[in-house]
Amino acid sequence: MSPALNRPADTLVVLDFETTGLSPDQGDRAIEIGAVRLLNGSVADRFQALMNPGRRISGFIENYTGISNAMLADAPPCAEVMSEFAAFVGDDHLVAHNASFDSRFLEAEFARIGLPVGGTFVCSMLAARRLYPQAPNHKLGTLVAYKNLPTEGVYHRALADAEMTAQLWLQMLADLEQEHGLSRVPFAVMQQLTRTAKSSVAALLRREAQR
DNA sequence: TGCCAGGCCCTCTTTAGGGCCTT
């Protein structure tokens with residue numbers, strides 16, 4: 001296991017993008033980023049910024065996010081915000097809910113300013129499917145309600161969603177530690193959890209508990 | 001104006017299709 005992947009899973013950056021649409025390959029851009037830095041299982045820092053994608057956003061996205069074209073008109077450009085975010089995130093590992101979505105946008109926005117993504121992404125939704133198969137569904141808001149996690153009732157804004165994802169992440173770590181006798185879950189275990197067939201999850205956790 | 005993606009996972013599967021999740 002590489003030293004980076006052996007870091008504890010309670011020390012990393014949880015992020016969420018609001019965007020103009022679903023696909024950077026189709027020209028969609030980020031309009032807001034929110035992120036929470038977890039350090040030893042506690043929120044240690046936050047990052048939030050609107051960014052101007054250089055064109056108007058659709059009425060659907062205005063309604064979905066509550067972010068208006070007027071709000072974005074006064075926002076700094078994506079390049080400026082993403083450069084600041086790169087300094088914030090460093091080479092920390094990353095968590096997002098449905099990470100395949102956020103990782104595509106992070107890679108696309110970083111690529112536009114000539115930066116690589118330093119850390120490794122892992123997906124809270126895939127982990128939750130493994131750990132909470134009995135949940136009604138695995139949308140972020142549903143899981144927050146299912147686990148009675150704290151929320152301010154704001155959804156589809158980047159920092160609020162990142163905060164809720166961070167709380168869900170910490171809850172999953174706590175449940176794993178309690179149910180499987182783990183002292184502190186390594187990042188690599190959470191990464192493996194999202195890649196492992198359901199029938200193999202128990203064996204994976206047994207091995208980790210015996211380490 | 002209208003429409004767009006992609007990875008994971010399940011099953012009436014694997015020579016495939018469709019739901020879930022993200023904006």
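Protein chains get the first letters and strands the later ones, always in sequence-line order, with residue 1 at the start of each.
The interatomic distance linking A:Lys139 (NZ) with B:dG19 (P) rounds to 14 Å, in whole Å. One atom, CZ of A:Phe105, and another, C1' of B:dG6, lie 11 Å apart when rounded to the nearest Å. Atom CZ in A:Arg29 sits roughly 19 Å away from atom P in B:dA5 (whole-Å rounding). If you measure from atom CD1 of A:Ile67 to atom P of B:dT23, you get 10 Å, rounded to the nearest angstrom. Atom CG in A:Leu106 sits about 16 Å away from atom C1' in B:dT23, given to the nearest Å. Put simply, CZ on A:Phe101 is 10 Å from C1' on B:dA5, counting in whole angstrom units. Rounded to whole Å, the distance from CZ on A:Arg195 to P on B:dC9 is 11 Å. Computed from coordinates, the A:Phe60 CZ to B:dT1 P distance equals 18 Å when rounded to whole Å.
For A:Lys139 against A:His97, the heavy-atom pair with the smallest separation is C-NE2, 3.8 Å. Scanning both residues, A:Ala30 and A:Phe105, for their nearest heavy atoms gives N-CD2, 4.2 Å.
Comparing A:Asp161 and A:Arg104, the nucleotide of DNA chain B nearest to each residue sits closer to the 5' end for A:Arg104.
Comparing the P positions of B:dG19 and B:dT1 gives a spacing of 30 Å, expressed to the nearest Å. If you take atom P in B:dC4 and the same atom in B:dG18, they sit 15 Å apart, rounded to whole Å. Nucleotides B:dG17 and B:dT23 have their C1' atoms positioned 25 Å apart, rounded to a whole Å. For the C1' atoms, the distance from B:dC8 to B:dT13 is 15 Å, rounded to whole Å. Remark: the separation of the P atoms in B:dG2 and B:dG6 is 24 Å, to the nearest Å.
Counting only heavy atoms from C-beta on, A:Leu126 has its side chain closest to B:dC8 among B:dC8, B:dT22, B:dT23. The side chain of A:Gln26 lies closest to B:dC4, out of B:dC4, B:dC9, B:dT22. Counting only heavy atoms from C-beta on, A:Tyr64 has its side chain closest to B:dT23 among B:dT23, B:dG6, B:dC20. Across B:dT22, B:dA5, B:dC21, the shortest atom-to-atom separation from the side chain of A:Ser23 is found for B:dA5.
Across all strands, A:Thr65 comes closer than 4.0 Å only to sugar-phosphate atoms, never to a base (heavy-atom distances). Contacts of A:Asn137 with the nucleic acid, taken as non-hydrogen atoms under 4.0 Å apart, involve only primed sugar atoms and P, OP1 or OP2. Residue A:Asp16 is in sugar-phosphate contact alone, with no base atom involved, counting any heavy-atom pair closer than 4.0 Å across all strands shown. Within the 4.0 angstrom heavy-atom criterion, only backbone atoms of the sugar-phosphate kind lie near A:Leu140; the bases stay farther away.
Residue A:His97 places no side-chain N or O under 4.0 Å from the OP1 or OP2 atom of B:dC21. Using a 4.0 Å cut-off, some side-chain N or O of A:Arg130 falls inside it from OP1 or OP2 of B:dC9. Of the side-chain N and O atoms in A:His138, none sit less than 4.0 angstrom from OP1 or OP2 of B:dC20.
A single hydrophobic cluster is seen to contain both A:Leu173 and A:Tyr146, as judged by linkage of ILVMFWY side chains at heavy-atom distances under 4.5 Å, directly or through other members. Transitive grouping of hydrophobic side chains (ILVMFWY, heavy atoms separated by less than 4.5 Å) brings A:Ile33 and A:Val89 into a common cluster.
More than 12 heavy atoms of other residues, nucleotides or ligands shown are found within 6.0 angstrom of CZ on A:Arg184.
Donor-acceptor pairing under 3.5 Å is lacking for the side chains of A:Thr19 and A:Asp28.
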